[in-house]
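Numbering of residues begins at 1 and proceeds along the displayed sequence.
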Amino acid sequence: MQLISSTAIRGPAPSYDKKEQLFASLCHEIRNPLNAIVGLSRIMGKQASPERQSECLHVLEQSAAMLEELLNDVLDFTRIDAGMMALESTPLDLTLLVEETAQMVAPRAREKNVGLHVHCPVVPLLEGDPLRLRQIILNLLGNAVKFTESGFISLFVQADPAPDGSYRIRMTVTDTGIGIPEDKQGTIFDEFRQADTAISSQYGGSGLGLAICKRLLEMMGGSISVVSMPGAGSQFTALLSLSVARQTMAA
Ligand code: ADP
């Protein structure tokens with residue numbers, strides 16, 4: 001992939017209060033998976049049956065994956081917050097990126113017997129940061145699958161050419177999951193905020209995914225919003241503009 005240019009967005013360093021808050025939330029989020037790892041390792045050390053061993057191994061793997069996800073999210077979030085996250089500007093095939101990202105959540109949706117519908121129009125090669133765009137879509141789709149037990153999830157992408165030659169991208173992720181109470185819809189985009197901590201600890205998660213999506217979209221000049229009804233489902237909409245890749249224009 002050819003790197004055309006790179007933009008570093010720098011902001012103020014996180015304040016001490018914010019760092020303290022981040023540290024406290026982090027300790028809290030680490031505790032559950034770490035407790036599980038310590039407890040299960042002890043059980044496995046004793047002479048447990050092969051079935052019990054493989055059960056323990058499964059939960060051990062899940063707990064380790066949770067810690068890895070948390071660490072990646074914290075690293076990303078602190079880099080963004082310190083203004084040290086650089087966005088790439090490189091040619092990207094939006095249709096391919098959307099399809100490939102949806103494929104990453106397809107096995108989990110299938111396992112849960114939840115339908116997955118994806119639509120993305122064919123557009124010329126655009127310019128943006130494919131890695132971060134994938135991260136945003138994956139987070140929204142991942143949450144949709146995580147919080148949906150039956151019905152469907154969908155990713156609908158609209159790309160409209162604008163008079164300035166760029167494309168206005170509207171990505172909508174809809175699900176028929178547990179939904180989000182109205183009074184929590186405004187705070188879930190803040191770091192370490194979960195609509196319902198009891199429900200979220202059952203599903204797992206860092207509470208950083210949406211904060212990262214929001215910050216990344218803002219760095220791209222875009223925005224994110226949600227409409228949701230508890231018990232009926234949620235719809236997240238990400239808006240951004242992407243210019244047509246220079247090589248496409250030249251052609
Ligand atoms: P997490 O890793 O906890 O999922 P996020 O920042 O991605 O963190 O989401 C924050 C919270 O927003 C979640 O814990 C959940 O309460 C709520 N949420 C996000 N997406 C959905 C969804 N599709 N359906 C229901 N609740 C959601």
Side-chain angles (χ1 to χ4, degrees), residues 14-15 17-18 20-22 24-29 31-32 66 69-70 73-74 76-77 80-81 98 101-102 105 108-109 112-120 132-133 135-158 160 168-241:
S15 68
D17 274 3
K18 201 165 184 185
E20 253 190 354
Q21 201 186 328
L22 201 78
S25 308
L26 195 55
C27 291
H28 178 78
E29 295 299 328
R31 199 173 46 193
N32 281 349
M66 272 171 79
E69 189 190 319
L70 178 65
D73 281 354
V74 169
D76 277 348
F77 184 77
I80 294 173
D81 206 47
V98 164
T101 313
V105 299
R108 262 189 293 158
K112 294 182 84 173
N113 217 6
V114 167
L116 172 63
H117 310 296
V118 182
H119 168 81
C120 182
R132 298 301 165 191
L133 214 48
Q135 184 174 6
I136 294 166
I137 300 173
L138 194 58
N139 204 282
L140 296 179
L141 280 177
N143 276 347
V145 179
K146 185 162 75 172
F147 294 109
T148 303
E149 294 308 327
S150 63
F152 71 91
I153 66 171
S154 73
L155 166 60
F156 189 85
V157 181
Q158 222 179 307
D160 299 316
R168 303 269 183 273
I169 313 293
R170 185 187 187 93
M171 296 187 295
T172 314
V173 175
T174 309
D175 67 61
T176 54
I178 60 172
I180 302 160
E182 206 180 334
D183 62 328
K184 296 288 188 321
Q185 288 172 23
T187 55
I188 51 167
F189 296 102
D190 297 341
E191 56 270 25
F192 289 117
R193 288 299 191 99
Q194 294 174 321
D196 183 318
T197 38
I199 292 179
S200 291
S201 67
Q202 173 196 333
Y203 286 99
S206 68
L208 279 174
L210 288 178
I212 293 172
C213 287
K214 181 172 184 267
R215 298 287 194 99
L216 285 176
L217 279 160
E218 284 170 355
M219 285 169 67
M220 293 173 185
S223 63
I224 185 165
S225 59
V226 65
V227 284
S228 181
M229 199 185 283
S234 309
Q235 185 171 77
F236 286 84
T237 303
L239 299 174
L240 76 156
S241 285

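Between atom SG of residue Cys213 and atom CG of residue Leu138 there is a gap of 9.0 Å, rounded to the nearest 0.5 Å. Considering CD1 of Ile224 and CD1 of Ile136, their distance stands at 7.5 Å, rounded to 0.5 Å. For the atom pair Leu217 CG and Arg132 CZ, the distance stands at 12.5 Å (nearest 0.5 Å). The distance from the CE atom of Met66 to the CD atom of Glu29 is 7.5 Å, given to the nearest 0.5 Å. With values rounded to the nearest 0.5 angstrom, Leu210 atom CG is found 10.0 Å from Asp190 atom CG. Atom-to-atom distance recorded for Leu208:CG and Asn139:CG is 9.5 Å, nearest 0.5 angstrom.
Within the structure, the side-chain hydrogen bond (donor to acceptor under 3.5 Å, both in side chains) test picks out the following pairs touching residues 169-179 (sequence neighbours left out): Thr174-Gln235.
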Worksheet item: Yes or no on side-chain hydrogen bond (donor to acceptor under 3.5 Å, both in side chains) for Gln135 and Asp76, after CA distance, side-chain angles and deciding distance?
Response: CA-CA 11 Å; Gln135 184 174 6; Asp76 277 348; 2.8 Å; yes
Discussion item. What verdict does the side-chain contact (heavy atoms from CB on, under 4.5 Å) test give for Asp73 and Ile212, after you've listed the backbone C-alpha separation in whole Å, the side-chain angles of each residue and the deciding distance to 0.1 Å?
Written reply: CA-CA 8 Å; Asp73 281 354; Ile212 293 172; 3.9 Å; yes
Worksheet item: So Asp81 and Arg215, side-chain contact (heavy atoms from CB on, under 4.5 Å) or not? Walk me through it.
Response: CA-CA 8 Å; Asp81 206 47; Arg215 298 287 194 99; 2.9 Å; yes
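Of all heavy-atom pairs spanning Thr187 and Asp183, the tightest one is OG1-O, 4.5 Å. Listed here is the closest heavy atom pair of Ala109 and Leu116: CB-CB, 4.4 Å. In this structure, Pro181 and Pro230 approach most closely via the heavy-atom pair CA-CG, 3.7 Å.
Inter-residue side-chain proximity for Met171 and Leu140 is flagged as unmet; no heavy-atom pair is nearer than 4.5 Å. A heavy-atom distance below 4.5 Å is not found between the side chains of Val173 and Thr237.
Between Phe236 and Phe189, the two ring planes are perpendicular [angle over 60°; tilted spans 30° to 60°].
Of the possible polar contacts, one joining the Gln185 side chain to the Ser228 backbone as a donor-acceptor pair under 3.5 Å is found.
Legend: residues meeting salt bridge (Lys or Arg N to Asp or Glu O under 4.0 Å) with Glu182, ordered by chain and number and at least two apart, are absent. In terms of the side chain to side chain contact (heavy atoms under 4.5 Å, CB included) criterion, residue partners of Val114 (sequence neighbours excluded) are, by chain and number, Lys112, Thr148, Ile153.
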